[in-house]
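Since the structure comes first, as structure tokens, the remarks are kept for the end.
In what follows, every chain begins at residue 1, and chains take the letters A, B, ... in the order their sequences are listed. Predicted model, so just to flag it, every value in this text is computed and none were measured.
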There are 2 protein chains.
Amino acid sequence: MATALDCFAIEGYRASSMRVIAANAGVALSHAYYYFESKEDIVAQLLLNLRNEQLRLCQDGLDEGNTLETNIRIVLEAGVQSLAPYHEFGPAFLKLLLSGEHANEEVTKIELMMWEQAVGGARPLPPLGIRRDLPRFLLLVARQVFTAWAFDQSPEQRRSHTLIKNLAPVVAKFAVLCRLPVVRSLFEDILSLIDPKTAGKMETDHSVSSALKRSKAS
Amino acid sequence: MATALDCFAIEGYRASSMRVIAANAGVALSHAYYYFESKEDIVAQLLLNLRNEQLRLCQDGLDEGNTLETNIRIVLEAGVQSLAPYHEFGPAFLKLLLSGEHANEEVTKIELMMWEQAVGGARPLPPLGIRRDLPRFLLLVARQVFTAWAFDQSPEQRRSHTLIKNLAPVVAKFAVLCRLPVVRSLFEDILSLIDPKTAGKMETDHSVSSALKRSKAS
DNA sequence: TTAGTTTTTTGAACGCGTTCAATAAATGCT
DNA sequence: AGCATTTATTGAACGCGTTCAAAAAACTAA
């Protein structure tokens with residue numbers, strides 16, 4: 001594992017074939033598959049390591065009574081900072097996360113933990129009504145930033161940094177606006193979209209007509 | 001090309017290796033690379049074909065004075081419907097779109113065209129202030145739905161259909177809420193995030209205060 | 001017709017991720 | 001000790017996407 005990570009860091013993704021990693025570790029190619037199920041497996045472990053580093057990186061900045069906006073920036077910046085040396089892994093990371101396989105539950109757990117700290121440590125505290133769900137929403141936003149970062153071809157991923165800088169105040173502002181009932185219900189609608197709780201019980205196409213009726217009624 | 005698409009439709013993605021496609025077309029393997037730069041190239045053309053089919057599919061439903069919500073649903077549903085036979089291509093499609101390579105500009109053009117029709121043909125018309133930018137915003141939303149669809153493992157991608165059904169009213173509602181200045185500025189902030197027009201000249205964090213001031217002033 | 005040039009088409013090879021039957025080494029049991 | 005069984009390690013192979021120099025065919029000009 002250590003050899004694989006070194007290999008990744010030094011030689012890069014494309015150059016770090018299974019053969020190269022195995023050779024650098026002094027074992028046969030096929031022996032690598034005795035320890036790892038696949039190459040994706042190694043990438044998954046790398047991502048987990050990097051998320052732990054992100055957690056460590058941003059732990060200092062949080063819990064100091066910052067603005068929510070500042071905390072959002074701290075977490076996101078720690079993310080791109082820890083991932084920066086492995087930017088070429090971006091698409092592979094993304095595929096891993098989106099496909100929902102491997103041990104990405106652990107990754108999600110770490111990410112959620114960070115966002116809970118970011119929300120809980122923010123002063124002033126976000127509106128009470130959304131305080132509980134805000135971390136999950138921020139996780140969603142962060143995944144979006146991650147997607148943008150993964151394919152960011154600008155030098156040193158400048159565009160991703162700019163995105164973070166501009167996105168943080170928007171999200172923080174949105175959180176504040178959630179005090180207004182209209183915005184608040186929007187927030188809840190968005191969150192309810194991603195959870196599979198109400199999945200798989202409607203059958204007919206009555207939804208079309210009902211949608212028409214509803215929009216006419218309102 | 002026709003053989004390749006047939007192959008994709010009949011045998012599926014994984015089974016349709018370059019060798020199989022070439023054999024089915026009655027040519028040598030290397031000859032396929034005389035016509036296509038890579039396998040990704042074929043996938044790109046397939047996606048373009050499917051977007052054209054989506055355009056054709058939803059052309060009937062639009063331009064009939066539907067609600068914006070209905071139009072959103074029509075376009076999104078036409079999307080998943082046309083893509084359904086090629087669901088296993090999802091990750092490949094996604095990588096193609098996100099990496100911004102190949103002829104995906106043409107794909108984006110078609111998508112934008114559909115959203116312009118969806119917005120322009122909606123009755124009542126969306127708020128004047130956002131009418132011009134709404135298509136681009138909807139394109140953004142659609143890409144998000146596409147991402148979810150690509151990795152949707154539920155039978156017949158039910159979850160994606162549910163997502164569309166629930167998402168459409170939320171987005172339509174958001175569009176209506178854009179009459180409120182606070183929500184409207186949120187909308188503009190989000191849109192300004194994705195365009196690289198204001199990229200690489202801001203240094204200070206004045207954007208925070210300006211955003212707050214704007215929401216207070218309005 | 002013939003020679004030269006461009007366009008099509010091919011076979012063979014490369015490195016990749018992955019699999020598998022086989023051997024070698026370590027371990028447990030009596 | 002010796003044998004049996006589990007664990008570690010290997011070499012060889014498979015199919016994949018891709019490349020490339022060279023052969024075949026088609027075309028052009030004298």
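As rounded to whole Å, 8 Å separates atom C1' of D/dG17 from atom CE of B/Met18. Rounded to whole Å, the distance from NZ on A/Lys39 to C1' on C/dC16 is 8 Å. If you take CD1 of A/Ile21 and P of C/dG17, they are 8 Å apart, rounded to a whole angstrom. Atom OH in A/Tyr13 sits about 13 Å away from atom P in C/dC16, given to the nearest Å.
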Dot-bracket notation for DNA chain C, counting Watson-Crick and G-U pairs under 3.5 Å, with | for partners on another strand
|||||||||||||||||||||.||||||||
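You'll find the side chain of B/Val170 stays beyond 4.5 Å of the side chain of B/Asn166, heavy atoms only.
Taking the nucleotide of DNA chain D with the nearest heavy atom to each of B/Ala15 and B/Glu37, the more 5' of the two is matched to B/Ala15.
Less than 4.0 Å separates DNA chain C from at least one heavy atom of each of the following residues of residues 23-35 of chain A: A/Leu29, A/Ser30, A/Tyr33.
Here A/Arg184 pairs with A/Glu188 in a salt bridge; the nearest charged N to carboxylate O distance falls below 4.0 Å. Ion pair B/Glu111/B/Arg51 flagged as a salt bridge, since at least one NZ, NE, NH1 or NH2 atom sits closer than 4.0 Å to an Asp/Glu carboxylate oxygen.
Under 3.5 Å, the side chain of B/Arg19 and the base of D/dG17 form at least one donor-acceptor pair of N or O atoms.
Aromatic pair B/Phe93/B/Tyr86: ring centres not closer than 6.0 Å.
Counting only N and O atoms by type, the side chains of B/Thr108 and B/Arg143 include a donor and acceptor under 3.5 Å apart.
The aromatic rings of B/Trp149 and B/Phe146 lie parallel to each other, their planes meeting at an angle below 30°, with 60° marking the opposite boundary.
Taking the side-chain hydrogen bond (donor to acceptor under 3.5 Å, both in side chains) definition, one finds that A/Gln59 meets it with A/Gln117, sequence neighbours left out.
At most 12 non-hydrogen atoms from other residues, nucleotides or ligands lie less than 6.0 angstrom from CD of B/Glu156.
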